[in-house]
Amino acid sequence: MDGTLVDTERLWDIAVYELAEHLGRPLDETTRERTLGNSLHGFFEILGEYTGRRIEGEEFERLAHRLNTRVTELMRTDMRWRPGAQELLEEIAETGTSVALVTNTTADVAQVPLEFIDRSRFDVVVTGCMVPNGKPAPDPYLLACRQLGLEPVRTVAVEDSVTGATSAVAAGCRVLYVPSTDGQPDVSGAHTHATLAGVDLATLFSLTSRTAAAAVVGESGA
């Protein structure tokens, strides 16, 4: 979703940098890169380490609400497709291929981009609050595959962050990794592609030796 289907990482950037300023230490690019694709807990763990404070309990809830409210506000004003994403989803719909959306973003924030993308495009939606361990753990993709009724090896995950691609590889999915920002390293076990522009189902199916596969689309989150 974020960074894979819709161009919202720049909106998360605004909210994340503002939050770091609020905590008294402007965020550097290296630390921002580390937070890409993380769950809220993973994000605040990195931010807490960076700012030298433990963010938990009531403070976690307060800061998470502040971050989510700000990014939701930004999303409602400026939502755009990532190159090639809309066309790929349309082909998936035309062929009847099963598709899941797998995001570390919480359900309340995910609702806004899902309105733009159209929730009905997906057979399954897994949000960050549905699993005990978010990406980079394999849990979100494993849950999506169970709900699709498919073994992970029969699916292709499309991801835009190291965190997300690591999660999908760990789950046993075939992975097309399309970094949403420059400078992200390759992920072992994932096939890196510059953009989704020109990517079709044949491209995805070429990543698996099975005759039947499902598309599983991932995103960044915070």
Side-chain angles (χ1 to χ4, degrees), residues 1-6 8-9 11-16 18-19 32 34-49 54-76 79 98-150 152 155 157-173 175 180 214-222:
M1 191 177 66
D2 293 296
T4 302
L5 298 179
V6 285
T8 47
E9 284 301 345
L11 306 180
W12 280 103
D13 278 347
I14 294 170
V16 166
E18 287 179 354
L19 186 61
R32 172 55 181 144
R34 289 178 59 205
T35 67
L36 286 172
N38 272 269
S39 64
L40 272 179
H41 285 281
F43 167 75
F44 279 109
E45 204 171 288
I46 294 169
L47 189 63
E49 173 191 310
R54 292 180 66 85
I55 300 173
E56 53 189 15
E58 290 185 5
E59 184 178 35
F60 171 85
E61 296 297 333
R62 177 176 60 81
L63 293 176
H65 178 73
R66 181 187 181 110
L67 176 67
N68 286 345
T69 298
R70 178 61 171 144
V71 80
T72 299
E73 174 186 275
L74 292 165
M75 285 176 174
R76 291 195 182 281
M79 191 74 71
S98 300
V99 60
L101 182 78
V102 182
T103 175
N104 257 351
T105 303
T106 55
D108 55 338
V109 179
Q111 179 180 349
V112 181
L114 273 172
E115 289 173 0
F116 174 82
I117 298 167
D118 185 358
R119 167 64 179 83
S120 67
R121 293 180 187 268
F122 305 102
D123 300 289
V124 167
V125 171
V126 173
T127 60
C129 41
M130 293 174 63
V131 291
N133 301 299
K135 305 173 190 179
D139 303 34
Y141 276 104
L142 291 174
L143 175 59
C145 290
R146 285 198 300 272
Q147 292 191 357
L148 285 173
L150 292 168
T155 70
V158 183
E159 269 290 353
D160 75 295
S161 70
V162 172
T163 301
T166 299
S167 169
V169 169
C173 305
V175 183
S180 58
V216 184
V217 182
E219 63 81 40
S220 291

Interatomic spacing from [atom1] in [X] to [atom2] in [Y] - rounded to 0.5 Å:
X: L19; Y: F44; atom1: CG; atom2: CZ; result: 5.0 Å
X: Y141; Y: T155; atom1: OH; atom2: OG1; result: 8.5 Å
X: S98; Y: Q147; atom1: OG; atom2: CD; result: 12.5 Å
X: E73; Y: I14; atom1: CD; atom2: CD1; result: 10.0 Å
X: K135; Y: E159; atom1: NZ; atom2: CD; result: 4.0 Å
X: L47; Y: I55; atom1: CG; atom2: CD1; result: 4.5 Å

Can you pull the salt bridge (Lys or Arg N to Asp or Glu O under 4.0 Å) pairs that have at least one residue in residues 54-68, sequence neighbours excluded? R53-E59, R54-E56, E59-R62
Which residue pairs satisfy the salt bridge (Lys or Arg N to Asp or Glu O under 4.0 Å) criterion with at least one member in residues 118-133, sequence neighbours excluded? none
Between V71 and T105, does a side chain to side chain contact (heavy atoms under 4.5 Å, CB included) hold up when you go through it step by step? CA-CA 11 Å; V71 80; T105 303; over 6 Å; no
Donor-acceptor under 3.5 Å (N104 side chain, G134 main chain): no
Minimum heavy-atom separation for [X] to [Y], with atom names?
X: L40; Y: A64; value: CD1-CB, 4.1 Å
X: N133; Y: D139; value: O-CB, 3.2 Å
X: A144; Y: A100; value: CB-CB, 4.2 Å
X: T127; Y: A110; value: CG2-CB, 4.3 Å
X: P113; Y: V6; value: CB-CG2, 4.2 Å
X: G3; Y: T8; value: N-OG1, 4.0 Å

Please enumerate all residues that pass side chain to side chain contact (heavy atoms under 4.5 Å, CB included) together with E49, with sequence neighbours excluded. R34
Those residues at least two apart in sequence (or on a different chain) that pass side chain to side chain contact (heavy atoms under 4.5 Å, CB included) with T72 are R76, V109, V112
Return all side-chain donor-acceptor pairs below 3.5 angstrom for residues 163-171, not counting sequence neighbours, or 'none' if the list is empty.
| unit_1 | atom_1 | unit_2 | atom_2 | d |
| --- | --- | --- | --- | --- |
| T163 | OG1 | L36 | O | 2.9 |
| T166 | OG1 | V162 | O | 2.6 |
| S167 | OG | A137 | O | 2.7 |

Yes or no on side chain to side chain contact (heavy atoms under 4.5 Å, CB included) for L74 and W12, after CA distance, side-chain angles and deciding distance? CA-CA 8 Å; L74 292 165; W12 280 103; over 6 Å; no
Evaluation steps, side chain to side chain contact (heavy atoms under 4.5 Å, CB included), between V125 and M130: CA-CA 10 Å; V125 171; M130 293 174 63; 5.8 Å; no
Quick one: side chain to side chain donor-acceptor pair (under 3.5 Å) partners of N68, sequence neighbours excluded? none
Listed partners of H41 passing ring-ring contact (aromatic ring centres under 6.0 Å, His included), at least two apart: F60
Atom CD of residue position E18 - does it have more than 12 heavy atoms of other residues, nucleotides or ligands inside 6.0 Å? yes
Listed by chain and number, what are the salt bridge (Lys or Arg N to Asp or Glu O under 4.0 Å) partners of D13, not counting sequence neighbours? R32
